[in-house]
Protein chains: 2
Amino acid sequence: MTTSRVFSDIISVMNKKVTINDIAKMANVAKSTVSRYLNGGSVSAQTRLKIERIVQEQRYTPNTFAQSLKQQTNHTIGVIVPRLDSIAQSDMLRGLDECNQEDTFLIVNAYQDPKRELAAIEKLQSQNVGGIILLTANLTDEIRAALTASPLPIVIQGQDEPDFHRVIMADQHGGETVGAYVKTLHPKNVLLLNVNAEIDHAVGHDRFMGIKAALAQTPYTEVMTDFKLDTAKHDAKKAMAADQYDLVIGATDRIAVGAMQSGYALHQKPQYIGFGQSFFSETVTPNLTSFEFSFFEAGKQLYRLFVKVRDESPQTIQRVVIDGQLVIRDSTGPQH
Amino acid sequence: MTTSRVFSDIISVMNKKVTINDIAKMANVAKSTVSRYLNGGSVSAQTRLKIERIVQEQRYTPNTFAQSLKQQTNHTIGVIVPRLDSIAQSDMLRGLDECNQEDTFLIVNAYQDPKRELAAIEKLQSQNVGGIILLTANLTDEIRAALTASPLPIVIQGQDEPDFHRVIMADQHGGETVGAYVKTLHPKNVLLLNVNAEIDHAVGHDRFMGIKAALAQTPYTEVMTDFKLDTAKHDAKKAMAADQYDLVIGATDRIAVGAMQSGYALHQKPQYIGFGQSFFSETVTPNLTSFEFSFFEAGKQLYRLFVKVRDESPQTIQRVVIDGQLVIRDSTGPQH
DNA sequence: TTGTAGGCGTTATCAT
DNA sequence: ATGATAACGCCTACAA
């Protein structure tokens, strides 16, 4: 009777997932012993071997739900990204992956929509993630409040928000570097294609500070556009039709490429400079000069910072800055 | 004593997560009553109101781990993608999102590496996801075996694998359409930049069948390259330096763009055709003629198919084909 | 309609 | 070193 009961248990296991209890029965030990074995507790060499064999045979893996339930925390990190169709973002995710030891990422696309971003934060919390990494171009007050209210470890990227642990790109330094380079080009009339600082302060404001300072002695026009290729193309065309420019600086590579398209259509050949790190720069003709940030590195730092925040709960706000470098290509080359 | 115990419980809750038990105490009912309320069981209007108020006040959300543990299944779907820096993939993910009612996606990047793909499958299983959606360019025998062995609902996309529920793109039809169009261009000498069918059968084989058939009367050269821009550029340059072509067909937009770069460098101006749906086509100059698949639609169908497989366990293998359309742009335009 | 009790798989405490 | 037992939060017979 007892034997057949155990036997049927073992049989019935075949199609379900084998549990710590099954292992215990098969090894004729208590489940707590198995648990200790699994977690590096003290077990005699003899039983260790016995259990080890069975665990391997049965391909046992612990039930993560039970673990999380018990431990009151888990190793799933919610990652909210503003968009997925962007090299910058996917490089950053690759960086997260790269450093990751044991966490799994729950990636949520916010589609550049603050409402969705907020919804994502709430949904992630209701799903009991162990923490949140938020990549963002813009923090609304609602989102700030939600982040502040959350008991979870949270790290953000993209904006230099003083209240949150964060990793940011050296936008200001990038602008200064580009500014210095621009001076060596001696442009006569410059078109700046920027985005509103309300939408993305790091880009719209920080990135352009140094550029504008460098253009103190040079005539320039600033036109506000947005991150979309079509919009940039349209806005650039309007501006370039109205006046003649010999240098166009886009807030992002994408915007610069939009301008290139317009320049091509208008048979104009100004020089172009972009920002970011995309294959854009090398797929367009001429290849685009660009200030490139290492988003991959940013991702790595982001993960490290998150782990630090989660495991050490630092009392002071952490801030990590990722630098970049100017890569000069044909679009500011001699033939222009 | 009892009062203060309850009181301290309520206080202590402030920083933790409120549970069904807390709600029950506050409402002076049993936790099973609260559970019934939450799951639409029978509760008197009176207690329903009482509980409702408290649940809302406390912003109670159930602990998903406890739920999953109890229910032995959960609403997390593992999605394995070959890469993230691709419009095709992110459009597909957007399609998944679009249809999604209540599932959450655990997105795993396999970085186009079969080993990682296999590892991802195993890891997802050990994390007890409720199913797997596999976007893939290539199924190894090991992966086939892992999929077959899995008890989970699984749907794949990308390859026309007869043993698995799948959503595929109409690569063959796309090739035929392009073939028919190519005939109208009356090219003298065509360069086909393809990828090895071993790496991606749907692309390397299916996609080019129709094209080659259409070129029966036309001289053409087939060069094998890979999906990377740099490789394509390199291989195209070699081929285009060795012979003169008036039409170049790339297995993907990216490959076609690589060829464009080489053509530009060599001062050649053939016509170009690509495959896929990317902003490539509209960022390069000239804009690229391309056979475009709706990956967004594919994502939607993929989710629907998955849900069907999960909820209805169909006995016959399901197969969904997503069509595309030829979009003619400047790269095959009159000025060439 | 409501409450009691048991169990999902795991870990931790406490005896033995 | 080992095993019995309770607990994590939830759901669900079953009883009242």
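Heavy atoms only: backbone and side chains are in, while hydrogens, waters and symmetry mates are out.
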S.K.: Could you give the side-chain donor-acceptor pairs of residues 147-157 of chain B under 3.5 Å, partners two or more places apart or in another chain?
M.R.:
residue, atom, partner, partner atom, Å
B:T148, OG1, B:R144, O, 2.7
B:S150, OG, B:Q125, OE1, 2.9
B:S150, OG, B:L152, N, 3.1

S.K.: Between the two end axes of the helix from C:dT1-D:dA16 to C:dT16-D:dA1, each built from 5 base pairs, what angle do you get to the nearest 10°?
M.R.: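 Terminal axis comparison yields 50°.
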S.K.: Using the rule side-chain hydrogen bond (donor to acceptor under 3.5 Å, both in side chains), only one of B:E312, B:H165, B:K308 pairs with B:Q318; which is it?
M.R.: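 The single option meeting the side-chain hydrogen bond (donor to acceptor under 3.5 Å, both in side chains) with B:Q318 is B:K308.
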S.K.: Is B:S44 close enough to C:dT1 that one of its side-chain N or O atoms is under 4.0 Å from OP1 or OP2 there?
M.R.: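 Checking C:dT1 against B:S44, no side-chain N or O comes under 4.0 Å of OP1 or OP2.
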S.K.: Could you run down nucleotides 8-16 of chain D 5' to 3' and tag each one B, S or - for protein heavy-atom contact under 4.0 Å?
M.R.: BBBBB----
S.K.: Looking only at side chains, do B:S32 and B:S35 share a donor and an acceptor under 3.5 Å apart?
M.R.: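 No pair is found: no donor N or O on one side chain lies under 3.5 Å from an acceptor on the other.
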S.K.: Rounded to whole angstroms, how far apart are NZ on B:K25 and P on C:dG3?
M.R.: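 Rounded to whole Å, this separation is 15 Å.
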S.K.: With a 4.5 Å cut-off on side-chain heavy atoms, are A:I132 and A:I77 touching?
M.R.: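 The answer is no, as the side chains (C-beta and beyond) never meet within the 4.5 Å cut-off.
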S.K.: State whether A:T47 places a side-chain N or O below 4.0 Å from either non-bridging phosphate oxygen (OP1 or OP2) of D:dA1.
M.R.: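 For D:dA1, OP1/OP2 do not have a side-chain N/O of A:T47 under 4.0 Å.
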S.K.: Do A:Y60 and A:D22 meet the criterion of a side-chain donor-acceptor pair at a distance under 3.5 Å?
M.R.: no
S.K.: For A:Q56 and A:E52, which I'm curious about, is there any donor-acceptor pair between the side chains at under 3.5 Å?
M.R.: no
S.K.: Any donor-acceptor pair under 3.5 Å linking the side-chain atoms of B:D103 with those of B:Y303?
M.R.: yes
S.K.: Would A:Q159 and A:D200 satisfy side-chain hydrogen bond (donor to acceptor under 3.5 Å, both in side chains), going step by step from the backbone distance to the final call?
M.R.: CA-CA 8 Å; A:Q159 297 300 311; A:D200 191 326; 2.6 Å; yes
